**Student:** 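Following this message is one structure expressed as structure tokens.
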Amino acid sequence: MLKCKVAQLVEQAVIRAQRGGLIPSVALPQITVERPQNAAYGDYATSLPLKLARAARANPLSIAEEIAELIVPIPEIEKIAVAPPGFINFTVNNNWVVQQVESIRSAGEAYGDINLGRGSRVQLEFVSVNPTGPLHVGHGRGAVLGSTLAKVLTAAGYAVEKEYYINDAGTQIDAFYRSLYARYRQALGTPFEMPPDGYHGSYVMELAQEIIAENGDKFLSWSPEEAAWELGKLGLDKMLNLIKADLKLLKVEFDLYFSENSLYEGGQYQRVMSELGERGYTAEKEGAIWFVSSALGEDKDNVLVRTNGTPTYFASDIAYHYNKFSERNFDKVVNIWGADHQGHIARMKAAISALGIDPDRLRIIITQMVTLRRGGTELKVSKRGGDIVTLREVIDEVGTDACRFFFLSRAASSQMDFDLELAKKQSVDNPVYYVQYAHARISSILRFAQERGIEPSYGDVSLLTSQAELALIRKMTQLSEVIEAVADSLEPNYLPYYAQELAADFHGFYEQCRVISPDRELSAARLKLVDAVRIVLAKTLHLMGMTAPERM
RNA sequence: GUCCCUGUAGCUCAGUUGGAUAGAGCAGCUGCCUUCUAAGCAGCGGGCCGUGAGUUCGAGUCUCACCAGGGACGCCA
């Protein structure tokens with residue numbers, strides 16, 4: 001990345017300036033290079049002199065001049081300028097810029113990829129919704145976020161594994177099983193009361209109907225416990241398949257569905273409990289076994305094993321994370337959780353440090369709530385309460401691409417309104433279509449050129465000299481910086497904004513520069529540029545899990 | 001009561017980790033299609049960045065207090 005190269009040049013120059021006594025030898029902060037907001041300042045800038053000014057007790061402008069003087073010239077950089085109050089600005093050589101068109105075309109789909117991760121293994125766990133009901137919009141948000149992060153981290157050189165943790169054990173599953181059994185009985189005309197803590201949504205009745213259609217009434221003769229268990233397993237399987245189908249509609253897929261139950265069957269749960277005990281982090285109180293998180297600075301302890309002997313969700317989650325770090329040896333683990341899991345973060349981190357694992361290896365992203373609206377009225381999404389608007393209905397109404405783009409455009413930390421009416425009404429003037437339209441236009445030009453026998457490969461990029469052309473190429477060269485920013489921050493919302501900027505630069509170019517003209521040389525050169533834009537735009541769309549349409 | 005997230009244009013939201021003149025999309029208004037897609041382009045209007053202090057060369061960004069909205073504080077997950 002040219003940006004890193006510039007940072008290195010600055011660092012070398014500063015060190016030289018300090019050794020030569022031109023500026024005081026104070027400790028250097030992290031050398032950062034950024035893109036100035038105003039293009040008039042050039043392509044890159046550093047505010048290092050401003051940061052050094054205080055410690056060095058010197059005028060930032062003169063520091064900037066001393067440093068700038070010592071920066072070794074490289075062919076890519078055409079101009080280095082000092083600007084008040086103490087910036088050093090870098091302007092990239094236009095020859096280098098136009099050459100990037102060639103680089104893009106030879107790199108193809110790999111263009112923009114970086115090696116930030118150096119192959120280290122990252123596990124991304126997301127969605128992980130209890131298979132006790134259909135997905136709602138909030139789940140969709142985490143799903144889109146996770147699947148996009150997976151793509152970006154892969155592009156950034158990490159070895160990524162996507163995982164869905166199935167909570168197929170515990171009290172919620174039990175409540176689901178008993179609800180399904182009650183609905184089964186009711187559907188067969190043998191009245192049975194719904195459990196008070198049950199799932200009242202109509203989808204449970206539909207599941208019961210399906211099971212009756214496939215298995216008849218044979219469970220009526222079974223004992224309620226056995227019948228609930230068998231029915232439950234059938235229902236859970238169906239529910240999970242529905243969830244997978246919904247996720248597929250959203251273009252979300254996993255490498256592994258990890259069963260909570262397997263932690264008990266595989267012995268991880270037992271191993272973790274004894275290890276926590278050996279390390280002195282468990283205690284028995286009031287007939288239950290507790291994790292002594294207060295010993296690690298938490299404000300209270302948490303139950304691991306209930307009085308009735310069953311483990312809590314927290315206990316199996318510790319076993320799960322032990323499995324991730326100590327048995328599967330992931331370098332880093334990223335979990336995407338809903339806002340309701342906020343309180344779980346601190347104790348989860350405490351638990352893994354209790355197991356001797358560096359808690360910084362675990363990063364947890366909390367997605368804030370999505371409130372679904374239709375116009376002014378808020379729609380309910382609670383699973384337990386009854387009927388909900390499902391994710392599938394939202395996708396059917398709004399479309400996968402628009403859904404994904406919409407979710408990605410908002411930072412995970414912001415709660416958001418998803419207004420179906422608005423999403424549909426705006427769908428024609430949506431930024432989504434603005435970006436995709438650019439790709440369709442490009443495809444159209446390429447078709448047009450092909451019909452006339454104009455080949456992009458013959459193009460001579462040095463003919464690309466107009467402002468619109470250069471600005472467009474400059475924008476393309478930012479892709480790897482965007483990938484880096486997303487991979488570092490785990491905030492993919494840079495992506496949709498970058499896509500819009502790139503599309504805007506293309507549309508601007510399209511208005512100002514006729515691609516296929518009587519000038520065959522220029523036509524070929526511009527066609528080559530257009531083909532490069534196709535590559536970068538499609539890559540950006542694909543990182544977001546969106547389609548790059550050839551016609552609209 | 002404690003903890004977490006949010007508060008930026010009429011609306012929905014960005015703001016590159018503390019930098020230069022705070023941006024985009026909708027909505028409103030004015031222009032631009034005999035030529036590769038007008039789902040586009042050019043332009044106009046719109047701001048006490050919740051409030052008040054603090055940190056420093058410099059704050060939308062960091063700290064504290066307060067106000068407002070949301071979430072979590074369970075032997076549910």
Side-chain angles (χ1 to χ4, degrees), chain A residues 30 32 34-38 40-41 45-47 50-51 53-54 59-60 83-87 89 128-130 132 167 170-173 175 197 286-290 299-300 302-308 310-314 316-317 338-346 366 368-369 371 384 406 409-417 419 422 425-434 436-438 440-449 451-452 478 481-482 484-486 488-489 491 493-494 496-498 500-501 503-504 507-508 510-512 514-517 523 526-527 530 551-552:
Chain A
Q30 174 81 26
T32 55
E34 60 210 35
R35 293 272 182 178
Q37 307 150 11
N38 190 335
Y41 292 123
T46 182
S47 59
L50 288 161
K51 293 189 168 82
R54 188 156 65 117
N59 177 3
F87 291 97
N89 295 326
S128 297
V129 177
N130 283 0
T132 54
N167 295 108
T171 47
Q172 291 306 317
I173 286 295
D197 59 344
E286 298 153 12
I289 298 173
W290 297 69
D299 45 3
K300 58 183 173 184
N302 299 94
V303 172
L304 293 170
V305 183
R306 302 184 183 92
T307 323
N308 68 8
T310 60
T312 60
Y313 156 82
F314 181 43
S316 56
D317 219 17
D340 53 339
H341 281 63
Q342 161 59 234
H344 192 53
I345 299 175
I366 294 292
Q368 291 298 324
M369 286 190 51
T371 44
R384 221 91 77 79
F406 188 66
S409 304
R410 280 137 184 83
S413 59
S414 303
Q415 51 206 60
M416 57 184 277
D417 279 359
D419 187 339
L422 208 67
K425 201 170 91 183
Q426 287 187 352
S427 65
V428 175
D429 289 308
N430 230 315
V432 180
Y433 298 102
Y434 179 81
Q436 291 183 321
Y437 183 61
R441 261 188 164 172
I442 288 167
S443 307
S444 174
I445 295 169
L446 293 171
R447 283 193 299 269
F448 187 82
E451 286 161 15
R452 277 155 190 76
Q478 290 178 22
E481 291 163 33
V482 172
E484 183 188 38
V486 173
D488 274 337
S489 65
E491 288 168 8
N493 54 301
Y494 297 103
Y497 288 92
Y498 174 70
Q500 284 179 84
E501 287 170 11
H507 288 309
Y510 180 88
E511 294 294 326
Q512 288 174 50
R514 173 84 201 177
V515 178
I516 307 304
S517 67
S523 297
R526 285 182 169 165
L527 197 61
V530 167
R551 288 171 213 276
M552 280 174 78

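All values derive from a computational prediction rather than experimental measurement. Only this structure's heavy atoms are used, side chains among them; waters, hydrogens and symmetry mates stay out.
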**Student:** Is B:U17 in the syn or the anti form, by the rule that syn lies within 90° of 0?
**Tutor:**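 Base orientation relative to the sugar is syn.
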**Student:** Taking the P atom in each of B:C4 and B:C64, what is the distance between them to the nearest angstrom?
**Tutor:** 9 Å
**Student:** Please state the P separation for the pair B:G70 and B:C76 - nearest whole angstrom.
**Tutor:**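 Between the two P atoms, the distance is 27 Å.
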**Student:** Identify, between A:Arg514 and A:Pro36, the residue whose nearest nucleotide on RNA chain B lies closer to the 5' end.
**Tutor:**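 The residue closer to the strand's 5' end, by nearest nucleotide, is A:Pro36.
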**Student:** With hydrogens left out and only the distance checked, is there a donor-acceptor pair under 3.5 Å joining A:Thr171's side chain and the base of B:C76?
**Tutor:** no
**Student:** Output the single nucleotide from B:U6, B:G74, B:C75 whose closest atom is nearest the side chain of A:Ser413.
**Tutor:** B:U6
**Student:** Which part of the nucleic acid, if any, lies within contact of A:Ser489, taking any heavy atom under 4.0 Å across all strands shown: a base, the sugar-phosphate backbone alone, or nothing?
**Tutor:** base
**Student:** Would you mind reading off the distance between A:Glu34 atom CD and B:G15 atom P, rounded to a whole angstrom?
**Tutor:** 15 Å
**Student:** Looking at B:G10, which nucleotide sits across from it as a Watson-Crick or G-U wobble partner, both distances under 3.5 angstrom, or is there none?
**Tutor:**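 Because both required distances fall under 3.5 Å, B:G10 counts as paired with B:C26.
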**Student:** Under 4.0 Å, heavy atoms only, any strand: does A:Ser409 hit a base, just the sugar-phosphate, or nothing?
**Tutor:**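 The residue A:Ser409 makes sugar-phosphate contact but no base contact.
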**Student:** Expressed as a whole number of angstroms, how long is the span from A:Tyr433:OH to B:C26:C1'?
**Tutor:**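 It works out to 15 Å between those atoms.
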**Student:** Of the listed nucleotides (B:A14, B:C5, B:C76), which one gets closest to any side-chain atom of A:Gln368?
**Tutor:**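 From the listed options, B:C5 comes nearest.
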**Student:** According to a strict under-4.0 Å criterion, is A:Asn493 in side-chain N/O contact with OP1 or OP2 of B:G15?
**Tutor:**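 Checking B:G15 against A:Asn493, a side-chain N or O does come within under 4.0 Å of OP1 or OP2.
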**Student:** Taking atom P of B:C76 as reference, at what distance in whole Å does atom NE2 of A:His341 sit?
**Tutor:**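 That distance rounds to 14 Å.
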**Student:** Ignoring the backbone of A:Phe448, work out which of B:C36, B:C75, B:A14 is nearest its side chain.
**Tutor:**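 The answer is B:C36.
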**Student:** Check whether the aromatic ring of A:Tyr497 stacks on the base of B:A24, taking stacking as ring centres less than 5.5 Å apart and planes within 30° of each other.
**Tutor:**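 According to the criterion (under 5.5 Å, under 30°), no, A:Tyr497 does not stack.
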**Student:** Using the rule for Phe, Tyr, His and the six-membered ring of Trp, do A:Tyr510 and B:G40 stack at under 5.5 Å and under 30°?
**Tutor:**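 The base of B:G40 is not stacked with A:Tyr510 (the test needs centres under 5.5 Å and planes under 30°).
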**Student:** Can you tell me the distance, in whole Å, between the CG atom of A:Asp417 and the P atom of B:G71?
**Tutor:** 13 Å
**Student:** Between A:Ala485 and A:Pro84, who's closer to the 5' end of RNA chain B by nearest nucleotide?
**Tutor:**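 In this pair, the answer is A:Ala485.
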**Student:** For A:Leu527 and A:Leu446, work out which heavy atoms get closest and say how close.
**Tutor:**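 Shortest heavy-atom contact: CD1-CD2, 3.8 Å.
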**Student:** Across the strands shown, which category fits A:Asn89 at heavy-atom distances under 4.0 angstrom: base, sugar-phosphate, nothing?
**Tutor:** base
**Student:** Choosing from B:A38, B:A20, B:C75, which nucleotide comes nearest the side chain of A:Phe87?
**Tutor:** B:A20
**Student:** Work out how far the C1' atom of B:G54 is from that of B:G15, and round it to whole angstrom.
**Tutor:** 24 Å
**Student:** OP1, OP2 of B:C36 versus side-chain N and O of A:Arg526: anything below 4.0 Å?
**Tutor:**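 Looking at the OP1 and OP2 atoms of B:C36, neither is under 4.0 Å from any side-chain N or O of A:Arg526.
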**Student:** Would you indicate what A:Arg452 reaches in the nucleic acid, counting non-hydrogen atoms under 4.0 angstrom: base, sugar-phosphate, or nothing?
**Tutor:**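 No contact at all - A:Arg452 keeps every heavy atom at 4.0 Å or more from the nucleic acid.
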**Student:** Does B:C33 sit syn or anti, given that only angles within 90° of 0 count as syn?
**Tutor:**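 B:C33: syn glycosidic orientation.
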**Student:** B:G1 pairs with which nucleotide, Watson-Crick or G-U wobble, both distances below 3.5 Å?
**Tutor:** B:C73
**Student:** A:Glu286 near the nucleic acid: base, sugar-phosphate alone, or nothing, with a heavy-atom cut-off under 4.0 Å?
**Tutor:** base
**Student:** What is the ring orientation for A:Tyr313 with A:His344, classed by angle as parallel under 30°, tilted 30 to 60°, or perpendicular over 60°?
**Tutor:** tilted
**Student:** Both conditions, 6.0 Å and 45 degrees, for the charged tip of A:Arg441 above the ring of A:Tyr437: are they met here?
**Tutor:**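 That pair does not qualify as a cation-pi contact.
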**Student:** Taking the minimum atom-to-atom distance to the side chain of A:Thr307, which one of B:A20, B:C75, B:C36 wins?
**Tutor:** B:C75
**Student:** For A:Asn38, answer base if it contacts any base atom (sugar-phosphate contacts may also be present), sugar-phosphate if it contacts only those atoms, and nothing otherwise; contact means non-hydrogen atoms under 4.0 Å.
**Tutor:**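 Contact class for A:Asn38: base.
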**Student:** When rounded to the nearest Å, what value does the distance between C1' atoms of B:C36 and B:G31 take?
**Tutor:** 24 Å
**Student:** Provide the closest heavy-atom pair for A:Tyr494 versus A:Val482 in the form atom of the first, atom of the second, distance.
**Tutor:**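 Heavy atoms only, the tightest pair is CB-CG1, 4.1 Å.
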**Student:** I need the minimum non-hydrogen distance between A:Asp197 and A:Ala175, along with the two atoms involved.
**Tutor:** O-CB, 3.7 Å
**Student:** With a 3.5 angstrom cut-off on both distances, give the Watson-Crick or G-U wobble partner of B:A65, or none if there isn't one.
**Tutor:** B:U51
**Student:** Choose from B:A14, B:A77, B:C41 the nucleotide whose nearest atom is closest to any side-chain atom of A:His507.
**Tutor:** B:C41
**Student:** Looking only at side-chain N and O atoms, does A:Arg306 come under 4.0 Å of OP1 or OP2 in B:A77?
**Tutor:** yes
**Student:** Give the nucleotide from the list B:A72, B:C36, B:C13 with an atom nearest to the side chain of A:Ile445.
**Tutor:** B:C36
**Student:** If I take atom CD in residue A:Glu511 and atom P in nucleotide B:U35, what distance separates them, rounded to the nearest angstrom?
**Tutor:**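 So the CD-P distance, A:Glu511 to B:U35, works out to 13 Å.
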**Student:** Measure the spacing between CD of A:Glu481 and CD of A:Glu34 and express it to the nearest 0.5 Å.
**Tutor:**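 Here the interatomic distance stands at 11.5 Å.
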**Student:** Using atom P of each nucleotide, how far apart are B:A65 and B:A20 to the nearest Å?
**Tutor:**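 Per the computed distance, 28 Å lies between those P atoms.
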**Student:** So does A:Thr371 get a side-chain nitrogen or oxygen closer than 4.0 Å to the phosphate oxygens (OP1/OP2) of B:G71?
**Tutor:**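 Answer no for this pair, as no side-chain N or O of A:Thr371 is under 4.0 Å from OP1 or OP2.
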**Student:** Counting only side-chain heavy atoms from C-beta out, which of B:C73, B:A14, B:G19 sits nearest to A:Lys300?
**Tutor:**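 Selected nucleotide (nearest to the side chain): B:C73.
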**Student:** Nearest to the A:Gln415 side chain among B:A20, B:G70, B:A77, which nucleotide is it?
**Tutor:** B:G70
**Student:** What is the distance, to the nearest angstrom, from the CD atom on A:Gln512 to the C1' atom on B:C41?
**Tutor:**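 After rounding, the reported distance stands at 9 Å.
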**Student:** With heavy atoms under 4.0 Å as the rule, sort A:Ala45 into base, sugar-phosphate or nothing.
**Tutor:**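 Counting heavy atoms under 4.0 Å across all strands, the contact made by A:Ala45 includes a base.
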**Student:** To check you understand the geometry: which heavy-atom pair defines the closest contact between A:Val303 and A:Ala288, and what is its length?
**Tutor:**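 Closest pair (atom of A:Val303, atom of A:Ala288, distance): CG1-CB, 4.3 Å.
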**Student:** Which nucleotides of nucleotides 54-60 of chain B have their base under 4.0 Å from a protein heavy atom (B), which only their sugar-phosphate (S), and which neither (-), written as one string 5' to 3'?
**Tutor:** --SB---
**Student:** Could you please name the partner base of B:U34, counting Watson-Crick and G-U wobble pairs only when both distances are under 3.5 Å?
**Tutor:**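 Across all strands, not a single nucleotide pairs with B:U34.
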**Student:** Does B:G58 pair with anything, Watson-Crick or G-U wobble, both distances under 3.5 Å, and if so, with which nucleotide?
**Tutor:**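 Result: none.
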**Student:** Choose from B:G25, B:C75, B:G70 the nucleotide whose nearest atom is closest to any side-chain atom of A:Gln500.
**Tutor:** B:G25
**Student:** Going by purine N1 to pyrimidine N3 plus the second Watson-Crick contact, or the G-U wobble pair, all under 3.5 Å, which nucleotide sits opposite B:U21?
**Tutor:**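 When the pairing criteria are applied, nothing turns out to pair with B:U21, so the answer is none.
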**Student:** Drop me the distance from A:Gln500's CD to A:Ser409's OG, to the nearest 0.5 angstrom.
**Tutor:** 6.5 Å
**Student:** Rounded off to whole Å, could you give me the CG-to-P distance for the A:Asp419 and B:C26 pair?
**Tutor:** 17 Å
**Student:** Between B:G40 and B:A53, how far apart are the C1' atoms? Round to whole Å, please.
**Tutor:** 49 Å
**Student:** Suppose you measure atom C1' in B:A59 against the same atom in B:G45; what distance do you get, rounded to whole Å?
**Tutor:**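 About 28 Å, rounded to a whole number of Å.
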**Student:** It should be established whether A:Tyr437 places a side-chain nitrogen or oxygen under 4.0 Å from OP1 or OP2 of nucleotide B:A39.
**Tutor:**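 Yes, because at least one side-chain N or O of A:Tyr437 sits under 4.0 Å from OP1 or OP2 of B:A39.
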**Student:** Could you report the tightest heavy-atom contact between A:Tyr434 and A:Ala503, atom names first, then the distance?
**Tutor:** CE2-CB, 3.8 Å
**Student:** Say we look at B:C67 and B:U21: how far apart would their P atoms be, to the nearest angstrom?
**Tutor:** 35 Å
**Student:** Quick one: A:Gln342 CD to B:A72 P, roughly how many Å, whole number?
**Tutor:**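 So the CD-P distance, A:Gln342 to B:A72, works out to 11 Å.
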